[in-house]
Amino acid sequence: MKGQTLLSPPTEGAALRGSDPADEAGATAPLKVHLWPDCEEETSKMEGLLRRCRVRNQLVRECMAECLGVYVLILFGCGSVAQVTTSQDKKGQYLSINLGFALGVTFGVYVSRGVSGAHLNPAVSLSLCCLGRHPWVKLPFYVFFQILGAFLAAATVGLQYYDAIQEFSGGQLTVTGPTGTAGIFSTYPADYLSVWGGIMDQVVGTAALLLCVLALGDKTSSPPEGLQPVLVGAAVLVIGISMGSNSGYALNPARDFGPRLFTYIAGWGVDVFRAGNSWWWVPIVAPCIGALLGTLIYELMIEVHHPPSLSGLQTSCQEATEGKTGVELEGVEPD
C-alpha cells in the first residue's frame, strides 16, 4: 500500500528494554532506521542525480511515456513473431504471436497510463481528440513519439534476432517468399487479399478495438482500475484470434510504420513499401478511419444515452442557482 512502511511505530504502552522510567511515562518514540554514513552519502548522491534528470515539462513527460509504452508493446509483439518465424513454428505458433501482442499491449498500458493515459496508437489519439478528450495541439507530438518507440523496439528485436534471421533467410533479407523476414516487423497482406479487402479488414478490426477501449473507459461500466490494461490486452487477443489471417491485424499506424521504416533502413530496402501492391499506406490510413467509425458507433449507440450523473445534476443546479442569484442581485440598489 502507498505510504506503508516495514517499520511502524511501536504500540502504545510498549517500552524498550533499558529505557528510562521517564521515557516509559511519555509516548514511546518511533523506531528509526539508521544507515551507515557511506550508504547515506551514496543515497543522497543518487537522489540528487535523479532529481537533476527529472523533466518538468508535462508534454515531454507524456511523450516519453508514450514512446516507452509502444516500445514495450512492439518488443514483446514483434519478438514473438521473430521467435515463431525463425524457429519455423518449432518454438511457438500463431497463438504465441497473439499472446505476445496482447501481453505487450497490457504491459505497455501499465507502463505509460499513469503519465500519458496510454494511447499507444495514433488512431486512438486521433479519436480522443475528436471526442474533445485530448488536445489537438498534442496530437503530432504523441504520434511522432509513438512511431519512434515502435522504431526503437523493432531495432532491438532486429539486433536480438540478428543471427537467427540471417540463418533463416540464408543471409538474404527478403520481404516475401519462403524465407521472407520483413513480416517479422510489419504487416503484409495475404496473397488473396485485395487492397479494398485490406482496407475493410483494418477498418473493421480497429473499429472493434475502439468499441472495446471506450467501453472499458466508460465510467458507467468500467472494470476495477487495475484490471483495465489486462482487458485491453484481451481485446487485442480476441481481435488477433478472429481477424488476423488477412493482413496481420496491425490496427495501429505506429505499430506498422515504425518497424517498416526500420526494415527499410536495415537492409530490406524499398521493397518493404512496394510489396503487396504498395500495401504500406493501408495500415496507416485504414486504422484511423476504423477508429473514428468505432468511436462514432459507441457514442451514438451507448454513451450519448447515459442518464446524467448525480454530480452532473448537482453542478447544473448549482450553476442555475448562482445564475439566478446573480440576476436578482443586479436589481438590488445599494442603500
Side-chain angles (χ1 to χ4, degrees), residues 1-4 61-80 94-134 142 145-146 149-150 153 204-244 249-252 254-255 287 290-291 293-299 301-312:
M1 258 187 298
K2 187 176 180 181
Q4 186 176 3
R61 294 203 301 267
E62 292 173 5
C63 290
M64 290 192 299
E66 285 294 305
C67 183
L68 185 58
V70 176
Y71 180 90
V72 170
L73 189 168
I74 301 301
L75 182 67
F76 292 145
C78 289
S80 64
Y94 182 67
L95 184 59
S96 304
I97 298 171
N98 297 147
L99 290 172
F101 275 104
L103 293 174
V105 168
T106 297
F107 288 109
V109 172
Y110 274 123
V111 165
S112 59
R113 68 173 183 154
V115 180
S116 66
H119 298 184
L120 310 186
N121 186 337
V124 173
S125 300
L126 176 63
S127 297
L128 294 177
C129 287
C130 291
L131 288 175
R133 301 178 187 176
H134 188 68
Y142 269 54
F145 279 91
Q146 288 161 356
V204 172
T206 313
L209 175 64
L210 263 292
L211 285 174
C212 297
V213 168
L214 291 174
L216 292 172
D218 196 329
K219 294 181 180 179
T220 63
S221 61
S222 60
E225 186 69 19
L227 195 59
Q228 289 177 342
V230 177
L231 295 178
V232 172
V236 173
L237 175 62
V238 73
I239 291 172
I241 291 173
S242 60
M243 307 181 192
Y249 72 109
L251 313 178
N252 184 336
R255 172 263 175 275
L293 178 62
T295 300
L296 181 63
I297 291 173
Y298 188 83
E299 288 294 315
M301 299 191 70
I302 302 295
E303 191 159 349
V304 75
H305 305 292
H306 288 333
S309 62
L310 180 61
S311 60

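Treat the numbers as computed from the prediction; the structure is a model and nothing was measured.
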K.L.:
Kindly indicate whether the side chain of C130, heavy atoms from C-beta on, has any atom under 4.5 Å from the side chain of T295.
P.N.:
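Side chain of C130 against side chain of T295, heavy atoms only: no contact under 4.5 Å found.
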K.L.:
Indicate the atoms forming the closest heavy-atom contact of A235 with C212, along with that distance.
P.N.:
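What the structure gives for the nearest pair is CB-CB, 3.8 Å.
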K.L.:
Which pair of non-hydrogen atoms, one from Y110 and one from V230, has the smallest distance, and what is that distance?
P.N.:
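Closest pair (atom of Y110, atom of V230, distance): OH-CG2, 3.5 Å.
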K.L.:
Which pair of non-hydrogen atoms, one from A153 and one from L75, has the smallest distance, and what is that distance?
P.N.:
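Heavy-atom minimum between the residues: CB-N, 3.7 Å.
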K.L.:
Would you check if V109 and L73 make a side-chain contact, meaning some heavy-atom pair closer than 4.5 Å?
P.N.:
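The answer is no; the side chains never approach within 4.5 Å.
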K.L.:
Please report the shortest heavy-atom distance between A65 and S116, naming the atom on each side.
P.N.:
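Closest pair (atom of A65, atom of S116, distance): CB-OG, 3.9 Å.
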K.L.:
Any side-chain heavy atom of F145 sitting closer than 4.5 Å to one from V70?
P.N.:
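Sidechains of V70 and F145: no contact.
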K.L.:
Side chains of Y142 and E62: donor-acceptor distance under 3.5 Å anywhere?
P.N.:
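Checked: Y142/E62 side chains pair up, N/O donor to acceptor below 3.5 Å.
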K.L.:
Are side-chain N/O atoms of S125 and Q146 paired as donor and acceptor at under 3.5 Å?
P.N.:
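Short answer, yes.
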K.L.:
Show the nearest heavy-atom pair for residues F101 and R255, with the distance to one decimal.
P.N.:
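Here F101 and R255 meet closest at CZ-NH2, 3.2 Å.
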K.L.:
Can you find a heavy atom in the side chain of L131 that is under 4.5 Å from one in the side chain of L214?
P.N.:
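Contact flag for L131/L214 side chains = yes.
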K.L.:
Quick one: CD1 on I74 to CG on N252, what's the gap to the nearest 0.5 Å?
P.N.:
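Going from CD1 on I74 over to CG on N252, the span is 6.5 Å.
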K.L.:
Would you name the heavy atoms of E66 and L120 that are closest together and state the gap between them?
P.N.:
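For E66 and L120, the tightest heavy-atom pair comes out as OE1-N, 2.8 Å.
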K.L.:
Calculate, to the nearest 0.5 Å, the distance between atoms CG and OG1 belonging to L293 and T206 respectively.
P.N.:
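The OG1 atom of T206 is 10.0 Å from CG of L293, to the nearest 0.5 Å.
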K.L.:
Would Y298 and M301 count as a side chain to side chain contact (heavy atoms under 4.5 Å, CB included) here? Give the steps.
P.N.:
CA-CA 5 Å; Y298 188 83; M301 299 191 70; over 6 Å; no
K.L.:
Measuring from atom CG of L209 to atom CG of N121, what distance do you get when rounded to the nearest 0.5 angstrom?
P.N.:
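Taking CG in L209 and CG in N121, the distance rounds to 6.5 Å.
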K.L.:
So, do V72 and F107 sit near enough that their side-chain heavy atoms are less than 4.5 Å apart?
P.N.:
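In contact.
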K.L.:
In Å, rounded to the nearest 0.5 Å, how long is the span from SG of C63 to CG of L68?
P.N.:
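The CG atom of L68 is 13.0 Å from SG of C63, to the nearest 0.5 Å.
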K.L.:
Is there a side-chain contact between L251 and P287 (heavy atoms, below 4.5 Å)?
P.N.:
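Sidechains of P287 and L251: no contact.
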K.L.:
Using modelled atom types only, decide if a donor and an acceptor are shared between the side chain of Q228 and the backbone of L216 within a distance under 3.5 Å.
P.N.:
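Checked: pair present.
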K.L.:
Kindly compute the distance separating CD1 (I302) from OG (S221), expressed to the nearest 0.5 Å.
P.N.:
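Separation between the atoms: 8.5 Å.
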K.L.:
Would you confirm whether Y71, through its side chain, and G108, through its main-chain N or O, come within 3.5 Å as a donor-acceptor pair?
P.N.:
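Such a contact is absent between Y71 side chain and G108 backbone.
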K.L.:
Decide yes or no on side chain to side chain contact (heavy atoms under 4.5 Å, CB included) for V232 and T106, but give the supporting numbers first.
P.N.:
CA-CA 7 Å; V232 172; T106 297; over 6 Å; no
K.L.:
Are any of the side-chain heavy atoms of V124 and L210 separated by less than 4.5 Å?
P.N.:
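Counting from C-beta outward, V124 and L210 do come under 4.5 Å.
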K.L.:
Can you tell me how the ring of H134 sits relative to the ring of H119, calling it parallel under 30°, perpendicular over 60° and tilted otherwise?
P.N.:
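Taking H119 first and then H134, their aromatic rings stand perpendicular (interplane angle over 60°).
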K.L.:
Report the distance from atom CG of L211 to atom CD of E299, rounding to the nearest 0.5 Å.
P.N.:
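Answer for the CG-CD pair, L211 versus E299, is 10.5 Å.
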K.L.:
Using side-chain heavy atoms (C-beta onward) and a distance below 4.5 Å, is N98 in contact with L95?
P.N.:
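Yes; the side chains approach each other to less than 4.5 Å.
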